[in-house]
Amino acid sequence: MSVAEMKVKAIEKLAALQDEAAVKEILEHLEKLNELEKKKIYNLSSHFEDISKRYDETLKKLAE
C-alpha cells in the first residue's frame, strides 16, 4: 500500500470517528510527530569526505 493510499484510508477512518476525545488525541499525536520531524538533526560530519569529493568534482566540471 502506498503512502497516498494509507493517507486516504486514515482520512476515511478519521472522518467516521464520532468521539471528540479520540479525534483530539489523534490530532495531538499528529502535531507531536510534526514537531519531531522539524527537530530532526542530520549529522553531516559523518559524510564530510563524500560531500567534499562530490563538491570538488562539481567545481572541476563547472570550470571546464
| Nearest 0.5 Å, what's the CG-NZ distance between Leu14 and Lys9? | 14.5 Å
| message | Per the salt bridge (Lys or Arg N to Asp or Glu O under 4.0 Å) rule, what does the pair list look like for residues 45-55, sequence neighbours excluded? | response | Asp50-Arg54
| Testing Asn34, Leu33, Leu27 for side chain to side chain contact (heavy atoms under 4.5 Å, CB included) with Glu31, which one passes? | Leu27
| Under a single-linkage rule joining Ile, Leu, Val, Met, Phe, Trp and Tyr whose side-chain heavy atoms are separated by less than 4.5 Å, which residues share a cluster with Met6? | Met1, Val3
| With Ser52 via side chain to side chain contact (heavy atoms under 4.5 Å, CB included) - residues at least two apart | Phe48, Asp56
| With no hydrogens and no angle check, is any side-chain donor or acceptor of Glu5 less than 3.5 Å from a backbone partner on Ser2? | yes
Going by atom type alone, with no hydrogens or angles, which donor-acceptor pairs under 3.5 Å involve a side-chain atom of residues 16-25 and a protein atom two or more places apart or on another chain?
from	atom 1	to	atom 2	distance (Å)
Asp19	OD1	Ala21	N	3.4

| said: So, using salt bridge (Lys or Arg N to Asp or Glu O under 4.0 Å) as the criterion, who are the partners of Glu12 when residues are at least two apart? | reply: none
